[in-house]
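Contents: one structure, followed by commentary.
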Amino acid sequence: MVKLSPMMWGMPAALLLVCAQLPLAEEGAREGKSAESPVNLHGIANWEVGQIEEGFSAKKGGRVDREFLNRASVWLWSDVTLSEHAKATLGVGGVYFFVFPRNLGDNPYTFTRRSGMGITEASLDVNLVPNFGEGELARIKAGIFMYKSNPDTKNLGEYMFRTWTYPNVITTGGVDIIDNTATQLSGLQLSSSQGGFKNDVLLTIQSDRPPIYGLSLTDMISYNIGGFLKVGVGYMWDNFYVPEKGGKEPKIKEANSIYTLSNGRKISYSKFIDEKNSGLVADSQVVDTSYNSFEGQKAVWMTSLDLGRILGFETEGTLPSTFGLYYEGVLMGIENRTTYFEKRNQRIAHMFGMNIPTFGALDLLSFEVEKTSNPYRNSTAGVLTEGSITPPVSNFSDPAQVNYTRDDVKWSVLAKKKIYPKATLMLQVANDHLRTLSVFSEWEYLDMMQQPDHWYWACKMQFSL
């Protein structure tokens with residue numbers, strides 16, 4: 001645990017680690033990089049201000065309107081050249097924000113500001129087989145590092161490391177809300193590339209959600225065809241190893257139980273109790289008990305078409321095309337499971353995006369939309385408060401508990417404009433998976449955008465240091 005500011009108590013370092021935006025920040029910071037120095041310092045400072053126009057807060061217990069957003073963050077990192085084929089990177093970051101929800105009452109800290117800091121990157125990068133033609137055969141990165149598998153995503157998508165396998169949860173943003181899709185990982189990355197082919201194999205340690213210290217193995221493959229068409233697929237063996245006994249299959253609460261009845265039927269504990277109270281399983285006895293597991297497999301697939309390159313539009317530096325289409329999909333859990341995860345189509349999320357040309361008026365204008373058919377709310381409450389992998393459904397006969405479809409569609413618009421060589425102004429308007437931090441520095445269990453008419457806007461001023 002890193003040392004935190006006196007103004008903040010109990011905020012885990014992982015909160016900052018998973019939300020840093022270092023890969024995106026590097027584009028501006030590299031302008032001042034000195035090729036002659038073995039040590040290169042980079043930095044980015046962000047100030048985000050906006051408003052939740054309409055939304056929902058589980059911690060506040062209902063609808064929230066006209067809620068102010070105000071956050072500032074600073075990220076610093078240094079690349080140290082160790083040799084011609086090896087470098088080390090160390091990064092730190094800090095954030096300053098206001099808690100939510102704000103309540104009048106016995107707790108004066110609901111009106112106070114919070115700040116905290118932590119390590120954002122500590123990695124070693126080595127090319128094990130140098131001079132391998134025009135590509136790389138084996139480059140290994142170890143430690144804590146940022147990873148982004150899909151360079152086109154702006155807010156939605158980037159599903160491999162921003163979704164849970166079981167239960168099905170999708171996340172966006174973090175400490176930085178706007179234009180933040182990179183994920184911080186802890187572990188090993190082995191990369192190879194040749195021509196348009198690229199392959200990343202990642203062995204990562206779970207550190208920001210249950211089960212803590214679970215190991216996951218991921219393979220991400222992509223191919224770039226002619227510089228204008230990119231396709232990619234990925235597969236994850238999620239939580240294949242958990243050192244803690246019972247860590248894969250928590251038995252803290254009965255809600256995570258799966259019963260086998262005397263008639264051979266398998267049923268979740270919650271549904272069994274619901275049907276028993278209704279007299280539907282009066283003649284059936286429980287003959288065996290198993291438990292839902294965090295272990296599972298997940299698959300993603302993606303493609304993008306650079307229309308700007310096809311039509312001869314110029315792109316600036318390493319920014320994505322200012323005119324292009326892209327798509328990403330994910331299947332959260334290959335295996336069907338009793339009661340909650342019986343249909344694969346309900347565990348699939350699709351994201352479609354488009355970069356819209358503005359002919360110089362903006363550096364980037366992007367629109368993204370996401371569609372999923374998950375019949376339950378996008379909630380972490382079952383795991384974090386009940387010790388159960390199953391969604392928090394207490395009454396299957398109550399339509400409000402299941403088949404919740406009003407959060408199935410998400411959308412996001414992002415506009416970016418460089419106003420000075422090292423200053424960029426951004427505007428994001430969205431109905432996404434936004435979550436805020438409470439007085440105890442805890443994330444909301446539920447998305448704040450729960451219905452089609454919920455939305456927020458936020459501006460970011462970003463400075464490269």
Side-chain angles (χ1 to χ4, degrees), residues 12-14 16-20 22-23 77 82 85-91 118-130 132 135-151 158-166 169 171 174 181-194 197-223 232-249 293-302 328 330-335 383 389:
L16 297 173
L17 305 185
V18 299
C19 302
L22 301 182
W77 70 104
L82 304 177
H85 305 291
K87 72 174 183 177
T89 302
L90 177 64
I119 295 174
T120 58
E121 181 151 359
S123 65
L124 177 65
D125 189 321
V126 181
N127 187 352
L128 300 177
V129 185
F132 182 72
E136 295 177 334
L137 180 62
R139 174 177 288 275
I140 190 168
K141 182 179 287 188
I144 299 169
F145 53 89
M146 302 302 297
Y147 184 77
K148 185 170 168 62
S149 62
N150 189 345
E158 200 67 37
Y159 290 128
M160 183 58 87
F161 293 101
R162 298 206 302 169
T163 60
W164 299 24
T165 306
Y166 300 107
V169 177
T171 62
T181 57
T183 309
Q184 188 209 52
L185 303 178
S186 178
L188 300 171
Q189 175 185 339
L190 179 64
S191 301
S192 59
S193 61
Q194 187 67 35
F197 172 83
K198 189 175 188 299
N199 184 42
D200 292 333
V201 178
L202 302 107
L203 179 65
T204 53
I205 304 171
Q206 190 61 264
S207 60
D208 64 336
R209 63 176 184 256
I212 301 298
Y213 307 135
L215 289 180
S216 298
L217 182 64
T218 307
D219 192 10
M220 299 292 300
I221 302 172
S222 64
Y223 190 74
V233 294
Y235 198 89
M236 175 186 284
W237 290 265
D238 200 12
N239 297 308
F240 71 89
Y241 172 74
V242 178
E244 179 187 3
K245 185 177 181 180
K248 285 186 185 180
E249 302 174 348
S293 174
F294 284 110
E295 183 179 9
Q297 293 80 48
K298 177 168 49 179
V300 299
W301 52 97
M302 63 192 78
E328 185 175 340
V330 61
L331 171 57
M332 295 170 280
I334 303 297
E335 174 191 14
V383 173
I389 297 168

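The analysis underlying the following values was restricted to heavy atoms, covering all of them including side chains, and did not include hydrogens, waters or symmetry mates. The first residue of the sequence shown is numbered 1, and numbering continues consecutively from there.
Here V126 pairs with A86, L124, L128, I140 under the side chain to side chain contact (heavy atoms under 4.5 Å, CB included) rule; sequence neighbours left out. Taking R162 as the reference, nothing meets the salt bridge (charged side-chain N to carboxylate O under 4.0 Å, His left out) condition, with sequence neighbours excluded. A search for side chain to side chain donor-acceptor pair (under 3.5 Å) contacts involving S216 returns D238, not counting sequence neighbours. Take E158 and apply the side chain to side chain donor-acceptor pair (under 3.5 Å) test, not counting sequence neighbours, and it matches S149, T153. Every residue two or more places apart in sequence or in another chain that forms a side chain to side chain contact (heavy atoms under 4.5 Å, CB included) with K248 is listed here: V242, S293, E295. With sequence neighbours excluded, the residues that form a salt bridge (charged side-chain N to carboxylate O under 4.0 Å, His left out) with E335 are R337.
More than 12 non-hydrogen atoms from other residues, nucleotides or ligands lie less than 6.0 angstrom from CZ of F197. Around OH of Y223, the count of heavy atoms belonging to other residues, nucleotides or ligands within 6.0 Å does not exceed 12.
Smallest separation of non-hydrogen atoms from V383 and F294: CG1-CZ, 4.0 Å. Heavy atoms only, all atoms of each residue included: M236 and T218 are closest at CE-OG1, 3.3 Å. Shortest non-hydrogen contact noted between P130 and H85 is CB-CE1, 3.2 Å. The nearest pair of heavy atoms linking W237 to Q297 is CD1-CG, 3.8 Å. Closest approach of F145 and L188 over heavy atoms only: CZ-C, 4.2 Å. The two residues Y147 and Q189 come nearest to each other via the heavy atoms CD1-OE1, 3.6 Å.
How far OG of S193 is from CZ of R139: 8.5 Å, rounded to the nearest 0.5 Å. With rounding to the nearest 0.5 Å, the separation of CG in L190 from CD in E136 is 10.5 Å. T165 OG1 to L331 CG: the interatomic distance, rounded to the nearest 0.5 Å, is 9.5 Å. Separation of atoms CZ (F240) and CG (L203) is listed at 5.5 Å; rounding is to 0.5 Å. Note that the CD1 atom of I221 and the NZ atom of K198 stand 11.5 Å from one another [nearest 0.5 Å].
Under a 3.5 Å cut-off, the side chain of K298 and the backbone N or O of V330 do not form any donor-acceptor pair.
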Could you go through I144 and T120, starting from their C-alpha distance and side-chain angles, then the distance that decides it, and tell me whether this counts as side chain to side chain contact (heavy atoms under 4.5 Å, CB included)? CA-CA 7 Å; I144 299 169; T120 58; over 6 Å; no
Pair D208-Q206, side chain to side chain contact (heavy atoms under 4.5 Å, CB included): steps then yes or no: CA-CA 6 Å; D208 64 336; Q206 190 61 264; 2.6 Å; yes
Walk me through whether L202 and L185 qualify under side chain to side chain contact (heavy atoms under 4.5 Å, CB included). CA-CA 9 Å; L202 302 107; L185 303 178; 3.7 Å; yes
For side chain to side chain contact (heavy atoms under 4.5 Å, CB included), just list the numbers for I334 and Y235, CA-CA rounded to whole Å, side-chain angles, deciding distance to a tenth of an Å, and then say yes or no. CA-CA 10 Å; I334 303 297; Y235 198 89; 3.7 Å; yes
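Side-chain atoms of S192 and Q194 form no donor-acceptor pair, as typed in the model, at a separation below 3.5 Å.
Taking 4.5 Å as the limit, some side-chain heavy atom of E328 sits within range of a side-chain heavy atom of Y159. Proximity of I205 to L215: side-chain heavy atoms (C-beta onward) are separated by under 4.5 Å at one or more points. Contact of the S186 side chain with the Y213 side chain is not registered, since no non-hydrogen atoms from C-beta on lie closer than 4.5 Å.
The side chain to side chain contact (heavy atoms under 4.5 Å, CB included) test with M220 singles out one residue from N150, V300, V233, and that residue is V300.
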